[in-house]
Amino acid sequence: MSKIEVKNIFKIFGPHSAKWLPAARDGISKEDLLAKSGHTLGLRDISLSIEEGSIYVIMGLSGSGKSTLIRHFNRLIEPSAGQILVDGVDVVSLGKRELEVFRQKTMSMVFQRFGLFPHRTVLDNAAYGLTVQGVPKAEREKRALHWLDQVGLNGFEKQYPHQLSGGMQQRVGLARALATDAEILLMDEAFSALDPLIRREMQDNLLQLQAKLNKTIVFITHDLDEALRLGNRIAILKDGELVQEGTPEDILLNPANDYVQAFLQDVNRTKVLNAAHAVNPPRLTLTMRSRPTHALDRMQALSFEYAPVLDGKRLAGVLTATDAQRAVEAGARDVSAYVEDLASVPATAGLDEVLARLVHSDQPVAVTGDDDEFIGMLSRKKVVDLVTPTLQEGTDGVEPSTASTQAVSSTDDSAVGKKESETTA
Ligand SMILES: Nc1ncnc2c1ncn2[C@@H]1O[C@H](COP(=O)(O)OP(=O)(O)O)[C@@H](O)[C@H]1O
Ligand SMILES: [Mg+2]
């Protein structure tokens with residue numbers, strides 16, 4: 001279900017925005033509009049849909065309209081045209097009192113510069129949103145302490161912001177936003193002021209929290225690595241226009257234009273993409289109780305050399321066609337005694353880790369989820385395609401960017417390729 005629905009938003013900054021709306025609709029460029037009218041085109045015809053419980057990233061260079069867009073969500077900015085629906089309600093239709101409640105309860109915001117009060121303690125800062133809501137002192141301190149603990153700041157509640165590092169200050173900002181219990185978190189470049197290592201820690205912290213909380217998070221960044229790590233979907237803005245919207249893979253694999261491509265240049269794909277992106281869905285699985293003749297027939301019909309064997313949803317191992325043949329000849333009742341171990345990687349393993357595994361062995365590898373649940377077989381071809389998009393496009397003379405990539409390409413010889421095409425065709 002979509003939590004936030006943005007429909008054909010235009011925003012023109014200046015005293016006569018209505019007058020210049022038709023020109024903006026007709027596609028006048030940002031520069032021309034400014035030169036002709038002194039008005040700034042903030043956003044042009046933006047439509048997007050943000051799913052409940054997802055992390056939605058809005059990305060673009062400075063001045064592309066990211067903050068302008070997100071400020072429409074809690075109506076810090078009114079659109080020149082268009083609608084913003086939150087839980088199906090048009091935020092522009094809210095009265096003064098409704099808007100106040102909406103801002104306190106439905107959305108909370110985390111800012112780039114932390115926005116903490118210097119003369120209040122960490123605890124008071126974390127409890128601030130609850131103070132505004134009129135929550136009694138004992139209750140708000142209890143809740144603030146809980147959230148400070150959740151962001152890893154247990155024991156710091158009596159300190160003042162200046163006594164904390166930047167990363168810790170931003171944790172306070174996050175605790176304050178979470179303490180209000182708002183369903184939607186708006187995070188405007190929340191991690192951009194942090195050092196790279198701290199920034200990564202904060203990203204991990206946010207992902208861990210999100211796994212428990214299932215908030216709807218709108219996260220602004222100008223950093224594609226961050227966008228790809230955090231986002232379930234990503235919207236890319238340029239000069240107030242939406243140039244691309246999609247999943248991280250959509251963006252990585254099919255950049256819409258040079259502007260998006262330029263962002264991709266410095267991205268370390270092997271860190272961003274994981275084993276789940278390189279899975280072949282299973283076409284044949286067996287169980288420990290499968291009869292040998294049945295198993296052999298199925299494998300032969302599909303020309304498979306092996307098939308994964310499950311125990312419930314869990315991966316139990318692999319049965320090769322040769323062993324299935326032996327089981328038939330031995331008159332075994334089921335295949336269980338012939339099942340061998342099958343190497344596996346977790347779906348969340350980065351492709352860098354996966355690559356390291358692949359260069360050391362040409363054996364099949366399964367991809368597993370939580371509790372060893374079998375997801376599918378790892379596709380060597382997909383791994384290579386994902387880390388070397390330039391090769392996919394057939395660009396001449398462009399080498400894969402990492403040595404490990406080349407190593408896999410060269411081990412992905414016809415024998416391995418054959419095996420793979422046989423198991424996945
Ligand atoms: N209040 C305002 N008045 C006039 N122009 C504005 C105002 N706010 C933003 N803009 C302009 O709108 C464009 C988008 O700005 P902004 O949303 O802050 O970009 P970003 O957050 O992506 O860096 C910029 O050209 C900016 O100068
Ligand atoms: Mg901004």
Side-chain angles (χ1 to χ4, degrees), residues 4 6-21 23-25 27-48 50 55-82 84 91-92 103 107-115 166 170 173-174 177 184-194 199 202-203 206 217-228 230-231 233-245 251 256-260 262-264:
I4 303 174
V6 174
K7 292 187 169 169
N8 308 104
I9 290 284
F10 285 77
K11 179 64 188 178
I12 299 167
F13 290 105
H16 308 293
S17 56
K19 181 179 163 200
W20 293 98
L21 188 59
R25 286 192 192 279
I28 188 173
S29 76
K30 191 169 167 167
E31 289 123 36
D32 286 352
L33 181 70
L34 188 63
K36 246 172 122 168
S37 71
H39 287 58
T40 301
L41 182 67
L43 297 171
R44 189 197 326 257
D45 204 11
I46 304 291
S47 296
L48 35 94
I50 300 178
I55 301 184
Y56 196 96
V57 172
I58 298 169
M59 204 189 70
L61 296 178
S62 178
S64 58
K66 306 181 296 292
S67 296
T68 300
L69 178 57
I70 208 174
R71 285 183 193 138
H72 277 86
F73 295 176
N74 54 0
R75 220 176 114 195
L76 292 172
I77 293 181
E78 306 251 344
S80 302
I84 301 99
V91 298
V92 176
R103 283 193 187 136
M107 291 196 193
S108 49
M109 200 141 179
V110 184
F111 302 93
Q112 176 171 5
R113 290 287 162 197
F114 320 145
Q170 191 55 298
L174 188 55
I184 301 172
L185 282 190
L186 303 180
M187 304 181 72
D188 192 348
E189 307 244 9
F191 300 158
S192 297
L194 305 175
R199 186 170 181 166
M202 291 296 288
Q203 292 164 359
L206 183 67
I217 300 176
V218 184
F219 193 101
I220 289 185
T221 182
H222 58 258
D223 179 80
L224 185 61
D225 259 318
E226 184 164 78
L228 295 169
L230 295 178
R233 296 189 76 83
I234 300 170
I236 301 181
L237 296 184
K238 176 176 186 275
D239 296 336
E241 293 179 19
L242 184 66
V243 294
Q244 188 164 11
E245 203 274 346
I251 307 242
N257 57 25
D258 291 350
Y259 177 76
V260 180
F263 278 108
L264 295 179

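One-based numbering, in listed order, for ligands and for the atoms of each.
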Answer yes if a protein heavy atom lies under 4.0 Å from atom 10 (N) of ligand 1, otherwise answer no.
yes
Under the 4.0 Å line, does any protein heavy atom show up next to atom 26 (C) of ligand 1?
no
Report, in ascending order of atom number, the atoms of ligand 1 lying under 4.0 Å from any heavy atom of T68.
9 (C), 14 (C), 15 (O), 16 (P), 17 (O)
Give a yes or no on whether the backbone of I50 and the side-chain of R233 come within a donor-acceptor separation of less than 3.5 Å.
no
Could you tell me which atoms of ligand 1, counted from 1 in the order shown, lie closer than 4.0 angstrom to a heavy atom of L61?
22 (O)
Any heavy-atom pair between the side chains of I4 and L48 that's under 4.5 Å?
no
Residue pair L43 / H72, side-chain heavy-atom distance below 4.5 Å:
yes
Protein heavy-atom partner closest to atom 19 (O) of ligand 1 - residue, atom, separation in Å
G65 N, 3.2 Å
Mind checking whether the Mg ion (ligand 2) has an N, O or S of S67 under 2.8 Å?
yes
Ligand 1 to T40 polar contact by distance, N or O atoms, under 3.5 Å:
no
Quick one: look up the protein heavy atom nearest atom 18 (O) of ligand 1 and list residue, atom name and how far away it is.
S67 CB, 3.9 Å
Quick one: does N257's side chain have a donor or acceptor within less than 3.5 Å of a partner on V260's backbone?
yes
For residues I184 and F73, determine if any side-chain heavy atom of one lies less than 4.5 Å from a side-chain heavy atom of the other.
no
Any heavy atom of G60 closer to ligand 1 than 4.0 angstrom?
no
In this structure, does ligand 1 have an atom that sits under 4.0 Å from one of the heavy atoms of K30?
yes
Just by distance, do the side chain of H39 and the backbone of H16 share a donor-acceptor pair under 3.5 Å?
yes
For a 4.5 angstrom cut-off between non-hydrogen side-chain atoms, does I70 reach M109?
yes
Heteroatom distance test (G63, ligand 1): nitrogen or oxygen, under 3.5 angstrom
yes
Say whether, by atom type as modelled, one donor and one acceptor occur between the side chain of S37 and the main chain of L34 under 3.5 angstrom.
no
Atom 12 (O) of ligand 1 has as its nearest protein heavy atom F13 CE1, 3.5 Å
